[in-house]
Protein chains: 2
Amino acid sequence: MKGNVVIVEDDPLVAAHVGRGVEAHDGLSLVATTGTLAGARELLDRKVDLFILDLGLPDGSGIELIEEIRARGGLEPKILVLSVLGDQDTVLAAVLAGADGYLLKDIDSLDIGQQAADALTGGAPLSPSIAAYVLRHLRRQRDDAKSDDADPPLSPREIELLQLLARGYSNRQAAVALEISPHTIGDHVKSIYRKLRVSNRGEAMVRAFRSGLLRL
Amino acid sequence: MKGNVVIVEDDPLVAAHVGRGVEAHDGLSLVATTGTLAGARELLDRKVDLFILDLGLPDGSGIELIEEIRARGGLEPKILVLSVLGDQDTVLAAVLAGADGYLLKDIDSLDIGQQAADALTGGAPLSPSIAAYVLRHLRRQRDDAKSDDADPPLSPREIELLQLLARGYSNRQAAVALEISPHTIGDHVKSIYRKLRVSNRGEAMVRAFRSGLLRL
DNA sequence: ATTTCAATCCCCCGTTTACGGGGTGATCGC
DNA sequence: GCGATCACCCCGTAAACGGGGGATTGAAAT
């Protein structure tokens with residue numbers, strides 16, 4: 001069974017070139033080509049396995065189309081973005097919206113047929129410079145996530161207690177868990193409140209989260 | 001100026017093949033080949049622009065080497081992983097450790113020279129199936145972050161109140177702010193606790209965060 | 001059309017807990 | 001010695017908690 005491919009591309013030259021690439025590949029079948037978002041929308045109910053999609057279309061951004069396709073659920077065709085836009089925001093928006101691959105148009109040596117086939121079989125063809133954005137973004141997120149506290153340094157004991165409070169422990173329960181007096185728990189709680197500049201449990205938890213003392 | 005390339009690969013056949021690919025490319029200069037982590041470590045002080053790195057080495061995982069290279073800071077050579085290991089955990093570990101690209105060995109049609117050059121110029125060559133992992137991971141993170149509630153849908157009023165509680169409001173203060181009776185605040189708070197299955201403010205805040213009801 | 005339900009609002013009660021202040025002492029590192 | 005941490009204690013007020021009661025509205029289900 002051949003994969004049904006739809007090309008959404010407003011530049012006739014590019015569309016034709018991509019079309020040739022698709023038709024040259026066994027396993028791919030070009031079923032339609034359109035140059036507008038509106039035209040693509042009319043094809044949404046057809047059985048399409050792969051959209052090869054330009055982002056800069058005359059009647060809007062291809063990203064809208066990605067969102068619409070993903071919002072429909074159901075068949076979940078693959079979406080391969082083919083764009084001149086290589087800036088980080090556009091790339092991430094497309095990927096997060098649900099693109100399965102992102103190729104820059106300026107690659108002359110690109111074998112569209114092979115890339116399309118890769119996308120169909122679950123791969124994600126990315127131009128190297130695009131991939132660099134994605135990896136950078138991934139690592140930045142990781143780094144952001146693990147950037148510890150900053151402002152108020154809680155003592156180990158206080159952090160320990162904080163974790164218990166986060167799990168809904170009362171002062172008394174925490175006292176049992178830590179095997180110290182409830183009074184001492186109260187004292188530690190006071191210290192925590194003072195350091196976090198709050199005056200009750202709820203706000204303390206919020207600040208703990210925002211300070212990175214507690215993990216999502 | 002040619003890019004200095006070091007190959008870290010224990011399989012002599014693969015190493016030789018990769019070496020040919022590198023030498024065939026203008027702009028790349030193969031300066032060393034080693035089959036062990038230990039051998040690679042001895043090269044860390046040399047001026048290397050690109051490591052082409054296997055992960056499964058006899059004396060440990062190449063991921064260790066990535067971490068060591070990145071921990072040194074300074075020159076920051078590029079690192080292109082070339083591995084048979086295509087599982088998600090390995091890929092993500094390598095990428096998060098600081099790999100600039102990840103290619104699977106099973107690709108016969110891979111032009112190592114071109115991929116290496118891409119890596120050197122800031123690109124991130126990823127095999128399509130690898131890229132799929134990365135994109136999936138990226139979207140999953142995004143989805144996790146914005147996945148509303150899940151179990152218990154709080155009413156608008158309750159969410160409104162929750163925000164106040166997160167800012168440290170007492171029931172009484174919240175009553176003033178929302179211009180309703182403190183008793184009603186108490187009722188809403190009870191509802192919130194019931195829906196979030198908690199029994200005090202602190203735990204409620206924690207659950208609210210983990211459910212995405214409150215933003216970091 | 002009736003019922004059922006969730007959401008909103010209001011009130012009272014009693015018990016438990018939290019909060020904020022006070023004071024004491026031991027240990028450890030600078 | 002001094003400051004910070006950790007530990008313990010007591011007190012009183014204030015707040016939170018959990019249970020009960022009831023009312024209204026509007027939407028959804030029967």
Side-chain angles (χ1 to χ4, degrees), chain A residues 73 147-215, chain B residues 146-215:
Chain A
S147 74
D148 275 58
D149 40 22
D151 10 11
L154 292 199
S155 74
R157 196 56 157 176
E158 289 162 352
I159 291 177
E160 199 178 356
L161 174 55
L162 193 67
Q163 319 255 322
L164 296 181
L165 299 186
R167 283 152 66 181
Y169 280 50
S170 67
N171 288 359
R172 177 167 319 199
Q173 290 173 316
V176 174
L178 296 181
E179 296 180 301
I180 58 179
S181 158
H183 299 107
T184 304
I185 293 293
D187 293 332
H188 287 316
V189 171
K190 290 173 195 172
S191 298
I192 292 173
Y193 289 172
R194 180 170 38 77
K195 287 179 179 176
L196 297 183
R197 302 192 309 271
V198 300
S199 56
N200 62 57
R201 249 180 179 63
E203 206 180 0
M205 292 302 119
V206 172
R207 288 205 92 83
F209 267 107
R210 301 209 210 267
S211 302
L213 294 167
L214 289 175
R215 292 262 145 273
Chain B
K146 86 154 185 336
S147 75
D148 280 49
D149 42 26
D151 9 9
L154 293 199
S155 73
R157 195 58 155 175
E158 288 161 353
I159 292 178
E160 200 179 355
L161 174 55
L162 193 66
Q163 319 253 318
L164 296 181
L165 299 186
R167 284 153 67 183
Y169 281 49
S170 68
N171 289 359
R172 179 166 319 217
Q173 290 173 317
V176 175
L178 295 181
E179 295 180 299
I180 57 179
S181 159
H183 299 108
T184 304
I185 294 292
D187 293 333
H188 286 317
V189 171
K190 289 174 195 172
S191 298
I192 293 173
Y193 290 171
R194 178 170 39 78
K195 288 178 179 176
L196 297 184
R197 301 192 308 272
V198 300
S199 56
N200 62 57
R201 246 179 182 66
E203 206 180 0
M205 291 303 118
V206 172
R207 289 206 89 85
F209 267 106
R210 302 210 211 268
S211 302
L213 294 168
L214 289 175
R215 293 260 146 272

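Below, read A as the first sequence line, B as the second, and so on, with proteins coming before strands; counting in each chain starts at 1. Keep in mind that the numbers below use all heavy atoms, side chains included, and drop hydrogens, waters and symmetry copies.
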Decide yes or no, distance alone: a donor-acceptor N/O pair under 3.5 angstrom between the base of dC8(D) and the side-chain of D187(A). yes
Would a 4.5 Å heavy-atom cut-off, applied to side chains only, mark Y193(B) and R207(B) as touching? no
Taking the side chain from Q173(A) and the backbone from S170(A), do they hold a donor-acceptor pair closer than 3.5 Å? yes
Would you say Y193(B) reaches dC17(D)'s phosphate, i.e. side-chain N/O to OP1/OP2 under 4.0 Å? yes
Taking only N and O in the side chain of N171(B), is any of them less than 4.0 Å away from OP1 or OP2 of dA16(D)? yes
Could you check how far CG of L161(B) sits from C1' of dA16(D), rounded to whole Å? 13 Å
Sugar-phosphate only, base, or nothing, as touched by T184(A) at under 4.0 Å among non-hydrogen atoms: base
Rounded to the nearest 0.5 Å, what separation is found between the CD atom of E158(A) and the CG atom of D187(A)? 10.5 Å
Rounding to an integer number of Å, can you tell me how far N200(B) CG sits from dC19(C) P? 10 Å
Nearest-nucleotide wise, let me know which of S155(B) and K190(A) is further upstream toward the 5' end of DNA chain C. S155(B)
note: I192(A), atom CD1; dA7(D), atom P; distance rounded to Å ~ 12 Å
Between P on dA6(C) and CG on L154(B), what's the gap in Å once rounded to a whole number? 14 Å
Nearest-Å distance, CG (L165(A)) to C1' (dA18(C))? 11 Å
Compare all side-chain heavy atoms of L161(A) with those of R157(A) and state whether any distance is below 4.5 angstrom. no
Could you state the atom-to-atom distance from CZ of R194(A) to P of dG21(C) in whole Å? 11 Å
How many Å lie between OH on Y169(A) and P on dT17(C), as a whole number? 15 Å
Using only side-chain N and O atoms of S191(A), determine if any of them is under 4.0 Å from OP1 or OP2 of dT5(D). no
If you check every side-chain atom of S199(B), which of dT8(C), dG18(D), dC10(D) has the closest atom? dG18(D)
For atom CZ of R172(B) and atom P of dA18(C), their distance in whole Å: 19 Å
If you find the nucleotide of DNA chain C closest to I180(B) and the one closest to V198(A), which residue's nucleotide is nearer the 5' end? I180(B)
Measure from the side-chain heavy atoms of S170(B) and tell me the nearest of dC11(C), dC19(C), dA16(D). dA16(D)
Which listed nucleotide (dC9(C), dA18(C), dA7(D)) is nearest to the side chain of R201(A)? dA18(C)
Using a cut-off of strictly less than 4.0 Å, decide whether H188(A) has a side-chain nitrogen or oxygen near OP1 or OP2 of dA7(D). yes
Find out whether R201(B) and N171(B) are in side-chain contact, i.e. whether some heavy atom of one side chain is under 4.5 Å from a heavy atom of the other. yes
Quick one: is dA7(D) close enough that its OP1 or OP2 comes under 4.0 Å of any side-chain N or O from R157(A)? yes
Quick one: do L165(B) and M205(B) satisfy side chain to side chain contact (heavy atoms under 4.5 Å, CB included)? Show the steps, please. CA-CA 8 Å; L165(B) 299 186; M205(B) 291 303 118; 3.6 Å; yes
N or O in side chain of S181(A) less than 4.0 angstrom from dC9(D) OP1/OP2: yes
